[in-house]
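Heads up, the thing below is written out as structure tokens.
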2 protein chains.
Amino acid sequence: LSERRLLFTNPVLLRDWKSPLRYLFGPGPSNVPPRILAVGAKPIIGHLHPEMYEIMNDIKRGIQYAFQTENNMTISMSGSGHAAMECAVFNTVEPGESVLVAVNGIWGERVAEIAERMGANVHRMVKTPGGYFSNKEIEQHKPVLFFLTHGESSAGLCHPVDGIGDICRKHNCLFLVDTVASLGAAPIFMDKQNIDILYTGSQKALNAPPGTAPISFNERACHKMFNRKTKPVSYLFDMTHLSNYWGCDGKPARLYHHTGPVSGFFALRESLAILAERGLEESWKKHKEVAAYLYRGLEDLGLKLFIPERDLRLPSVTTIAIPDGYEWRELLAYIMKHHQMEMTGGLGPSIGMVMRIGLMGYNCEKTNADMALNALADALKNCKKSKA
Amino acid sequence: LSERRLLFTNPVLLRDWKSPLRYLFGPGPSNVPPRILAVGAKPIIGHLHPEMYEIMNDIKRGIQYAFQTENNMTISMSGSGHAAMECAVFNTVEPGESVLVAVNGIWGERVAEIAERMGANVHRMVKTPGGYFSNKEIEQHKPVLFFLTHGESSAGLCHPVDGIGDICRKHNCLFLVDTVASLGAAPIFMDKQNIDILYTGSQKALNAPPGTAPISFNERACHKMFNRKTKPVSYLFDMTHLSNYWGCDGKPARLYHHTGPVSGFFALRESLAILAERGLEESWKKHKEVAAYLYRGLEDLGLKLFIPERDLRLPSVTTIAIPDGYEWRELLAYIMKHHQMEMTGGLGPSIGMVMRIGLMGYNCEKTNADMALNALADALKNCKKSKA
């Protein structure tokens, strides 16, 4: 071994770097408040220490409050929103079963792809970005799982949820809802709205760093997922193991499954505590008010909101129709360069259709809306209009 | 909506909590040095900002150095070691193909389970914990993938790797090696040892918080995984997308796939920079020296090391045969209670056979070995011996 020479050392890695100032006013991640950063930097403890279980129990309580649910089967994934997506589909659907996916932006498309890969029979209901589905349309299918995005961040749409859970129940179908971009910003009542599986991400209105994703399953969902004929394709995302790790399976001991992101859970706990301190109603109200303030400012700049129906707009992420004659990439690059501010273009099917401003949680303040409007006005003034 | 009453608020969540002092001298996570905690608490930036790509490029360089590889296809998973395990198997194996797994502790069993769930034809070569495999035994099978754990932390074994890559190459089989518990502590040369896929975790000798997991694929592995007939079962772990996200696919643009753990990547970059500063040879030497010092101290206490062959012992995690007449759970609980120190029992098949002391990276110091020995001596003195 001593005869082996090392390949190389790595001078680039040794240089110092600074985290640049960024106003993260896109669709997420949003800026993380110092209070959450500080808690995320506390010395770590073991992932299976009793104090860690207490933190996980607190997280569970915090998610129950944020989701408005009493579900025992409430945990956080050790991963981003996509981990929660895969967990939901992998556990509740078996190969060959039918899944209905509402696709009106990017997230439905993702879930459809995930379900197809694990062998489900996927039916897509497709609308253009910003489109929404009537309860009547939804009722025409007979899947075991129906997926809907509550906060369709790629289009800036907040989809109505009332009544859909009842339809699903009537047809013995599970109702899976994505609230990654909407949780804490727009009302959702998991239990009262009969949502069977709900998930979100940490890095939007919750303002924690990305890397954890709350998810909850009700009794109906648990019944389906714990009475499978086949094992889920993923061991890491198997709820039999995750429910034990989170102390939700009623067993006396929690066994080692995987090593959870200890610091990420510290931060997630703090973000949920902040939401609980503030109160959900106050948080929803604030997002609605700041969004309304932003709408007025955008209209004053002569810009057109992409979602015409005010009640369907997602309060956390506002979509603007790309102003005539402008190149959207140029506007966004200008704003980043001159204002250190992130706004973004569309995503998936909404690319080239919209620009997006996200003001979520900690960032959701009228002063930030003013900064965003000022940056946008500056860009509109200084970026070239094409002849078209 | 205003008529809906909120379910409850959450007083428990609002209480303050402290992260207790813990000497994490188990098999990981290990203590995170203040320098890494501080970098992990830097204000975040967007997961798709150019500065983030630079950090990801630095991580790639750091992994290449730590793995001793020039592989372009070198990334970090947004998840723990199990995410890397699933990524390796999901991408390089198709349903119906044969996988050979060396099981001599817990990790092989995990990989076998993962491969079975995605439809592979799994053959297990089983030894009791601490057992190891001869190159001759390995050669008798004809799989598409052979899995071996370099650092079998459940048994404290560091498995020899030389020659196995050549056998695999001869039989057109990919060689997958787990170095979660050994990287930085025991020599590994990915390129020179003809390892086709290598992964590790962030929370062992690298001393970053858990939640990221470096992985690298060589040309042979890339050829197999990018010429599949079927899509991998996981969209989140699909290397077609992950390679683009990490700028490894040669395409000009990185597209949104999932949101990586920005703070976790900050911390991982710092941990790799620390390893590069120190140098691999120095790190290997230090682990070997401190381990040897610990062995002497343990023998002076009349304890028996579980792995008799000194050269096969894993320098980062030392296993002790449970001393006659003692209840291991009682010893460990005593050490935690009176010394705020984590040591652990066995894991999987080694439960009831061993106690484990991990001194990794930042924790790998003779002073810490002294503390561990002192705590152990105290426990042996004060815990009751049974009559047996």
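Computed over heavy atoms, backbone and side chain alike; hydrogens, waters and symmetry mates excluded. All chains are named by letter (A, B, ...) in the order of the sequence lines, taking the proteins before the strands, and each is independently numbered beginning at 1.
With a threshold of 4.5 angstrom between heavy atoms, A:Thr230 does not approach chain B through any atom at all. Contacts of B:Ile55 with chain A are made by side-chain atoms alone, with heavy-atom separations under 4.5 Å and no backbone atom involved. Proximity to chain A is absent for every atom of B:Leu21, based on heavy atoms less than 4.5 angstrom apart. Using a 4.5 Å cut-off between heavy atoms, A:Ala267 does not touch chain B at all. Heavy atoms closer than 4.5 Å to chain A are found in the side chain of B:Glu342, but not in its backbone. With a threshold of 4.5 angstrom between heavy atoms, A:Glu116 does not approach chain B through any atom at all. At a 4.5 Å heavy-atom cutoff, the contact between A:Arg110 and chain B is made by side-chain atoms alone. Interface remark: A:Asn57 contributes no atoms to any contact with chain B (heavy atom separation under 4.5 Å). The contact between B:Ser30 and chain A is made entirely by backbone atoms, counting heavy-atom distances below 4.5 Å. For B:Ser202, no part lies under 4.5 angstrom from a heavy atom of chain A. Both the backbone and the side chain of B:Pro232 come within contact range of chain A, judged by heavy atoms closer than 4.5 Å.
Distance check: A:Met118 CE to B:Lys231 NZ gives 14.5 Å after rounding to the nearest 0.5 Å. With rounding to the nearest 0.5 Å, the separation of NZ in A:Lys192 from CG in B:Leu6 is 7.0 Å. To the nearest 0.5 Å, atom CG of residue B:Asp238 and atom CD of residue A:Glu113 are 8.0 Å apart. Note: B:Leu236 CG to A:Arg117 CZ = 10.0 Å, rounded to the nearest 0.5 Å. For the atom pair A:Leu272 CG and B:Leu14 CG, the distance stands at 11.0 Å (nearest 0.5 Å). The distance from the CE atom of B:Met85 to the NE2 atom of A:His258 is 12.5 Å, given to the nearest 0.5 Å.
Between B:Phe237 and A:Phe237, the ring planes are tilted. Angles from 30° to 60° get that label. The aromatic rings of B:His82 and A:Tyr235 sit parallel to each other, their planes meeting at less than 30°, with 60° as the upper class boundary.
Residue pairs meeting the ring pair (Phe, Tyr, Trp, His ring centres under 6.0 Å) criterion with at least one member in residues 31-52 of chain A, sequence neighbours excluded, are A:His47-A:Tyr256. Note on residues 41-53 of chain A: pairs passing salt bridge (charged side-chain N to carboxylate O under 4.0 Å, His left out), not counting sequence neighbours, are A:Glu51-B:Arg22.
Counting heavy atoms of neighbouring residues, nucleotides and ligands inside a 6.0 Å radius, atom OH of B:Tyr245 exceeds 12 of them.
Between B:Ser19 and A:Ile45, the shortest heavy-atom contact is OG-CG2, 3.9 Å.
Note: A:Pro43 leads A:Pro43, A:Gly211, A:Pro33 in heavy-atom pairs under 4.5 Å with chain B.
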